[in-house]
Number of protein chains: 2
Amino acid sequence: MATIYDVAKEAGVSIATVSKVINETGRISDKTRQHVRSVMKRLDYQPSLVASALTKKRTNTIGLLLPDLGNLFFAEVARSVEDRAHEKGYNVVICSTDNDADKEEKYLAWLRQKRVDGIILATGMQSDKSVKSLLDARLPVALIARESRRLSVDTVRVDDFRGGYLAASHLVELGHTRIAVIAENLSVSSSRERVEGYKKALEEAGLAVDEALIRISSFDIEGGKEAARQLLELTEPPTAVFACNDLLAIGILQVCRAMGLAVPARLSVVGFDNTLIASLAEPPLTTIAQPIPELGREVVDLITQEIHGEKQAKQRVVLDPRLIRRGSTASAPEQAPR
Amino acid sequence: MATIYDVAKEAGVSIATVSKVINETGRISDKTRQHVRSVMKRLDYQPSLVASALTKKRTNTIGLLLPDLGNLFFAEVARSVEDRAHEKGYNVVICSTDNDADKEEKYLAWLRQKRVDGIILATGMQSDKSVKSLLDARLPVALIARESRRLSVDTVRVDDFRGGYLAASHLVELGHTRIAVIAENLSVSSSRERVEGYKKALEEAGLAVDEALIRISSFDIEGGKEAARQLLELTEPPTAVFACNDLLAIGILQVCRAMGLAVPARLSVVGFDNTLIASLAEPPLTTIAQPIPELGREVVDLITQEIHGEKQAKQRVVLDPRLIRRGSTASAPEQAPR
DNA sequence: GTGAAAGCGCTAACAA
DNA sequence: TTGTTAGCGCTTTCAC
């Protein structure tokens, strides 16, 4: 593989000159520029970004930590981050942590050793430890789709509270009075906020918040199934459920089908995220849409500003969620189901 | 950020010694090792992988090119590649090309400049140009879920021909005689093979291959919808369709629902890939499963062997697909639909 | 068991 | 406009 020395020698100039034409810095005569360019092409010269990273102290790489790339929501987030990063000249290294604190720590150390220019966190860990360690190391960090109340850090997220509020309000408007919610781990800020929004909506409607209707589960389909079964076995089961993500909602739909419970006639279901699967579900899922492309775009813009030292204060960008009405919600049945 | 010099000075040893304890090479007394380790910890020292990459000529990074991370199949592939790569000490840089030749070329040049140790291609481009350029540059390459007939290159894929054969045979066994196929771009090897397998199954069953029943479309839901509409408008429409991926199959289901055509009673549908959405579809999709975790594992093993120079010949690993019977297929109706 | 020194491929003063 | 040179932070002989 050709080096800058090879090019310089072949072109009969110094390496400084070659460097200048590569980076388009300094003043170079058109003639030499053309000449050097042609030599670079002829030798199939690829400037080493690792060497330049060593001197420039910049790798043009961003790390992205998320729970699971195989989860469509995070895959879509990753895609949006990737797109904006590429536009801005950055590569993205993705690490799936499975929400495992050890993996998270390991990957973070690794990314620091790789000298990534910044790290975007989409993992919903309970502790702020990782974030804090990055902040302490003065490495640019930004959170996407999560929030840290105690730490001052760039953040881009959807208004989860409002999302929960929208979901519950929609159900209230449809006349439901027994509305359940299935949340992921409440120590994850987004989940907590959604539940708070839900409570607010019920309260505003003069409905009592029944703790029996608030279920915590894992964040996958299985979690939704289990929680749904429990809810439907209640002596006074709900007529509507707000699931804190689409996967959970799908789980509910599956349980209903298995039990022969019609959705939305007997049970209304609202999801969250509006990933592709929401539109594919049967019935199509009414859900709260997160503006994923914008989230990715904003978080990259934030972190690149941070990297370039163009920012003074940390920012929190909160985007609005939207209610997408589809087929999984309807007016409350006259009688309670069963 | 502390450097090896800081650690050496603080520990009262030479940088060579520090380097040796970092890499666990050479012989170092237990005492100094402990001491140096403690200093490293105290200084929160993170060895620079960019500096070491410059000397070692190895970045421990693998590039992964795929069409779209937002497509669940590729997201799952990426996840499996990531997992195995991490196990082996490699990072993964992912680039979505949208099957755009310009992007592909751009990303490849970029990855070369980053000095990635190898590149895994999951993009189904028509030309072998990219692969050839990498081979020429003597950069380790491996293909996953695609094939290059003309080039000698490490490859891991599912037996697409057999997959198509399995799908069509299943439909034949159910008594279908008018079986359509919806394929992506036929210049993509996997797609072509699946169609060939389909043809083979029909021929073996003594059924004529009707070119009108072979449709080419884009590889997303919209493509499936459009192709489905065309097929169903035929004067002699099919009673079964084999879609070359799950997304296409979903498109078919949606069109059927819109038209009030019962699946599988009036039309049987088989997908390919067995991504999560296949199990979520209504009815759940009968599909051909690709062993994605194994694909990822194998391709990483192949490319790391190549990187370490442990291989003599290029290998082609072909894994078996499996038919997953679910609810979207049934016996052929007595009469042609409509 | 430890250290001195050359070199990896580039950038950025600073000179010329 | 072009070239010289000193790093960037490591690894790796080769002495000691």
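Only this structure's heavy atoms are used, side chains among them; waters, hydrogens and symmetry mates stay out.
Within a 6.0 Å sphere centred on NZ of A/Lys129, heavy atoms belonging to other residues, nucleotides or ligands number 12 at most.
Listed nucleotides D/dT11, C/dC8, C/dT11 differ in distance to B/Ser19; the shortest reach to its side chain belongs to D/dT11. With D/dC10, C/dG9, C/dT11 as the candidates, the nucleotide lying closest to the side chain of B/Leu54 is C/dG9. Side-chain atoms of A/Ser48 lie closest to C/dG9 of the nucleotides D/dC10, C/dA4, C/dG9. Among the nucleotides D/dT5, C/dG9, D/dC10, the one closest to any side-chain atom of B/Thr55 is D/dC10.
Salt bridge A/Arg33/A/Glu24: absent, no basic N to carboxylate O contact under 4.0 Å.
The shortest distance between the side-chain N/O atoms of A/Thr17 and the OP1/OP2 oxygens of D/dG3 is below 4.0 Å. Regarding contacts with the backbone of C/dG3, every side-chain N or O of B/Lys20 stays at 4.0 angstrom or more from both OP1 and OP2. A/Lys57 has a side-chain polar atom (N or O) that falls below the 4.0 Å cut-off from OP1 or OP2 of D/dG9. For the pair B/Ser14 and C/dG3, the criterion of a side-chain N or O lying under 4.0 Å from OP1 or OP2 is met.
There is no side-chain donor-acceptor pair under 3.5 Å between A/Asp160 and A/Ser190.
Taking every heavy atom of residues 28-47 of chain A and every atom of DNA chain D, pairs under 4.0 Å involve A/Ile28, A/Ser29, A/Thr32, by number.
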